[in-house]
Amino acid sequence: MTNLIRSVATAAAVFTLSLLCVQPGRAESSRSDIEAIVKDYIAAHPEEIEQVVKDYLAKHPEAVQQAISDLIKKRQAATPAAAPGSDKTALVKQNAPALFASAHQVTLGNPLGDVTLVEFFDYSCGYCKRALGDILELLKSDPKLKIVLKEFPILGPGSLEAARVAVAVRMQDPTGAKYLDFHQRLLQSSGPADKARALAIAQTIGLDVAQLEKDMDSVEVRQSLDESGDLAQKLGLNGTPSYVIGGNVIVGAVGLATLKARIQQARQ
């Protein structure tokens with residue numbers, strides 16, 4: 001079945017290319033003809049198409065998560081309130097203790113920094129994976145910056161499992177050095193995160209996996225994730241990564257230059 005559809009797609013592609021090469025003037029009409037053929041085939045074979053899609057998603061579950069992230073980005077782009085740097089100073093002040101000085105968080109960089117950047121992230125989020133380099137560069141280049149990391153697992157059960165392991169890692173590593181190593185490795189791994197992958201990475205860097213599994217069910221883990229979720233709801237965060245810098249709430253992987261600009265703005 002899959003081979004049949006691939007053959008049809010290949011034949012259509014060859015046919016299209018031949019028309020585009022030999023008869024350039026007919027490119028647009030040929031494209032319409034091909035689209036009509038494909039639509040007719042899908043309409044005539046819905047069960048086959050459905051099975052192909054199911055097979056693909058079973059092998060590539062990250063495709064669904066990426067599609068959700070892309071949809072969130074499109075909706076944010078269409079909504080002025082979601083523009084990078086939305087000023088929510090009042091909300092940030094109301095939640096300042098939980099945002100900037102909670103016992104349930106990871107603090108990196110300068111603990112006495114003049115500006116604090118808070119990142120809400122999900123280990124299965126493709127955009128968070130890409131944004132990791134921005135955070136690492138800020139850690140390296142800005143000695144006055146305090147960075148707070150908050151797990152915000154919104155992309156399914158695997159994300160939640162990985163977040164629970166991450167909090168347990170933080171509990172076992174008060175210095176934060178091994179947590180940062182764990183954080184980088186898990187975000188740099190390909191595909192969606194889950195408990196097995198998170199524990200395997202933790203074991204690789206020398207953490208006590210048996211203790212981690214016990215701590216995953218602790219009150220501390222539950223309170224940490226509940227606090228992050230509650231903060232995200234109060235601030236109107238609906239995607240990852242999301243940042244709080246000064247009085248600004250920024251949703252999306254906006255890039256290093258924008259983050260630096262917001263940090264500089266907070267310093268003024």
Side-chain angles (χ1 to χ4, degrees), residues 64-108 115-132 134-135 138 146-170 179 183 186-187 192-193 198 216 219-254 258-259 262-263 266:
V64 177
Q65 296 165 339
Q66 195 63 54
I68 292 172
S69 294
D70 290 340
L71 179 59
I72 290 173
K73 295 295 180 184
K74 289 180 180 178
R75 288 182 176 177
Q76 290 167 351
T79 305
S86 298
D87 191 334
K88 296 187 178 181
T89 303
L91 282 172
V92 170
K93 286 184 177 179
Q94 290 171 15
N95 296 281
L99 273 170
F100 305 124
S102 172
H104 309 299
Q105 67 186 32
V106 173
T107 300
L108 305 174
V115 172
T116 300
L117 177 153
V118 182
E119 181 189 11
F120 291 77
F121 66 93
D122 184 313
Y123 282 113
S124 292
C125 169
Y127 293 103
C128 297
K129 293 175 184 292
R130 298 175 200 174
L132 173 63
D134 299 338
I135 296 298
L138 289 172
K146 174 182 175 180
I147 296 178
V148 171
L149 300 179
K150 293 187 180 292
E151 289 87 0
F152 184 35
I154 58 174
L155 294 177
S159 293
L160 179 57
E161 290 177 355
R164 291 171 61 213
V165 175
V167 177
V169 169
R170 187 253 298 165
Y179 178 94
H183 180 74
L186 189 50
L187 275 177
M216 284 177 65
V219 172
E220 174 63 22
V221 168
R222 186 179 73 251
Q223 289 179 343
S224 296
L225 298 181
D226 285 350
E227 180 181 78
S228 293
D230 183 59
L231 282 169
Q233 183 177 17
K234 289 177 178 177
L235 295 172
L237 308 182
N238 56 5
T240 53
S242 289
Y243 307 93
V244 176
I245 305 174
N248 286 318
V249 173
I250 306 169
V251 179
V254 294
T258 297
L259 293 178
R262 296 301 176 186
I263 292 168

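Sequential numbering from 1 along the given sequence is applied to the chain's residues.
Ser228 contributes atom OG, which lies 12.0 Å from atom CD1 of Ile154 (distance to the nearest 0.5 angstrom). Interatomic distance, Asn248 CG to Leu117 CG, rounded to the nearest 0.5 Å: 11.0 Å. For the atom pair CD1 of Ile245 and CD1 of Ile263, the computed distance is 5.0 Å after rounding to the nearest 0.5 Å. From Asp122, atom CG reaches atom SG of Cys128 across 6.0 Å, with rounding to the nearest 0.5 Å. Ile135 contributes atom CD1, which lies 7.0 Å from atom CG of Leu149 (distance to the nearest 0.5 angstrom). The distance from the CD atom of Gln223 to the CG atom of Asp230 is 12.5 Å, given to the nearest 0.5 Å.
The two residues Thr107 and Lys146 have their closest heavy-atom pair at CG2-CE, 3.7 Å. The minimum heavy-atom distance between Ala253 and Ala131, with the atom names listed, is CB-CB, 4.3 Å. The nearest pair of heavy atoms linking Leu237 to Phe152 is O-CZ, 4.0 Å. The two residues Ala162 and Leu186 make their nearest non-hydrogen contact at CB-CD2, 4.1 Å. Heavy-atom minimum distance, Phe120 versus Ala232: CE2-N, 4.2 Å. Here the shortest heavy-atom pairing between Val254 and Thr258 reads O-OG1, 3.5 Å.
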> Does the side-chain contact (heavy atoms from CB on, under 4.5 Å) test come out yes or no for Val148 and Glu119, once each step is laid out?
Replying inline: CA-CA 6 Å; Val148 171; Glu119 181 189 11; over 6 Å; no
> Can you list the steps and then say if Val249 with Ser242 is a side-chain contact (heavy atoms from CB on, under 4.5 Å)?
Replying inline: CA-CA 7 Å; Val249 173; Ser242 289; 5.7 Å; no
> Could you walk me through whether Leu160 and Leu225 pass the side-chain contact (heavy atoms from CB on, under 4.5 Å) check?
Replying inline: CA-CA 9 Å; Leu160 179 57; Leu225 298 181; 3.8 Å; yes
> Can you check salt bridge (Lys or Arg N to Asp or Glu O under 4.0 Å) on Arg164 and Glu151, steps first, answer last?
Replying inline: CA-CA 9 Å; Arg164 291 171 61 213; Glu151 289 87 0; over 6 Å; no
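The residue from Glu220, Lys150, Arg170 that alone fulfils the side-chain hydrogen bond (donor to acceptor under 3.5 Å, both in side chains) condition with His104 is Glu220.
A donor-acceptor pair is defined here as one N or O able to donate and one able to accept, closer than 3.5 Å; no such pair exists between the side chain of Ser124 and the backbone of Leu155.
In this view, Phe121 and Tyr123, His183 satisfy the ring-ring contact (aromatic ring centres under 6.0 Å, His included) rule, not counting sequence neighbours.
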Side-chain donor-acceptor pairs under 3.5 Å in residues 92-101, sequence neighbours left out?
{"unit_1": "Asn95", "atom_1": "ND2", "unit_2": "Leu91", "atom_2": "O", "d": "2.8"}

